[in-house]
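What follows is a single structure, written as structure tokens, with notes after it.
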Amino acid sequence: MRLGRFVATAATAVALTFTAVGAAPTEAGQRKDVVVVRGDVEHRLKLTAGELADLPQVTVTVKFLSGSTPQTHTYTGPLLLDVIDEAGPDFDPAIKNDELAHVVTATGSDGYRATVAWGELDPDFENKQIVVAITEDDVALGDAGPRLVVPGDARGGRYVSDVVSLRLVDA
Ligand SMILES: Nc1nc2c(c(=O)[nH]1)N[C@H]1C(S)=C(S)[C@@H](COP(=O)(O)O)O[C@H]1N2
Ligand SMILES: [Mo]
């Protein structure tokens, strides 16, 4: 086989591997160590774990059920609010409380998604300390990737692991 043909075949195999994981290609194809902040923002951002670590850090200790197993963990990382603020939320001042009609959807590298409402994290409303965690129990998440932490949730469903995308959406 000619080398060119071999390379083309290998590239096809890689492409098929990517589509096989089931996530939207644009998100499954993101580099594992970067979180993209996108949607209704003034400038799309790509943040590494190092850049997440440069934002003000908060620490939260949370309990949630993973299936039927109770979990207690301490997480550190920036507030989701500060991460989105870095990208500049594009709220319309002409629309009354436009921010309260927005949500943030977190997507994991496996395509798993969960959404929080802006009113949950806004200091003028629930002011929940929703965190984009970069450490769990004092260990860097590193290759495991950042994790969305939603204090108060009884179940772990919104604790999206290996977050690759945070999208601000007008719901
Ligand atoms: N990326 C990703 N994150 C995820 C999930 C998933 O399938 N993919 N499952 C969620 C569910 S349903 C639960 S209960 C918790 C489980 O967290 P644990 O694996 O740390 O126990 O992860 C959440 N985060
Ligand atoms: Mo779950």
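Ligands are counted one by one from 1 in listed order, and the atoms in each one are counted from 1 as well.
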Indicate every side-chain donor-acceptor pair of residues 90-101 with a distance under 3.5 Å to a residue at least two apart or in another chain.
from: Asp92; atom 1: OD1; to: Ala94; atom 2: N; distance (Å): 2.8
from: Asp98; atom 1: OD2; to: Asp92; atom 2: N; distance (Å): 2.7

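Heavy-atom neighbours of Asp138 CG from other residues, nucleotides or ligands within 6.0 Å: at or below the threshold of 12.
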Worked verdict on Val35 versus Leu52 for side-chain contact (heavy atoms from CB on, under 4.5 Å): CA-CA 9 Å; Val35 177; Leu52 292 171; 4.2 Å; yes
Working for side-chain contact (heavy atoms from CB on, under 4.5 Å), residues Asp110 and Asp162: CA-CA 8 Å; Asp110 58 354; Asp162 199 8; over 6 Å; no
If you look at each N/O of ligand 1, which protein N/O atoms lie under 3.5 Å away, and at what distance?
from: ligand 1; atom 1: 1 (N); to: Asp110; atom 2: OD1; distance (Å): 3.0
from: ligand 1; atom 1: 1 (N); to: Asp110; atom 2: OD2; distance (Å): 3.4
from: ligand 1; atom 1: 1 (N); to: Ser161; atom 2: O; distance (Å): 3.0
from: ligand 1; atom 1: 3 (N); to: Ser161; atom 2: N; distance (Å): 3.0
from: ligand 1; atom 1: 8 (N); to: Asp110; atom 2: OD2; distance (Å): 2.8
from: ligand 1; atom 1: 17 (O); to: Arg147; atom 2: NH2; distance (Å): 2.8
from: ligand 1; atom 1: 20 (O); to: Arg147; atom 2: NH1; distance (Å): 3.2
from: ligand 1; atom 1: 20 (O); to: Arg147; atom 2: NH2; distance (Å): 3.1
from: ligand 1; atom 1: 21 (O); to: Ser66; atom 2: OG; distance (Å): 2.6
from: ligand 1; atom 1: 22 (O); to: Arg147; atom 2: NH2; distance (Å): 3.2
from: ligand 1; atom 1: 24 (N); to: Tyr159; atom 2: O; distance (Å): 2.9

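Partners of Thr69 under the side chain to side chain donor-acceptor pair (under 3.5 Å) rule, at least two apart in sequence or in another chain, do not exist in this structure. Gln71 meets the side chain to side chain donor-acceptor pair (under 3.5 Å) test with His73; sequence neighbours excluded.
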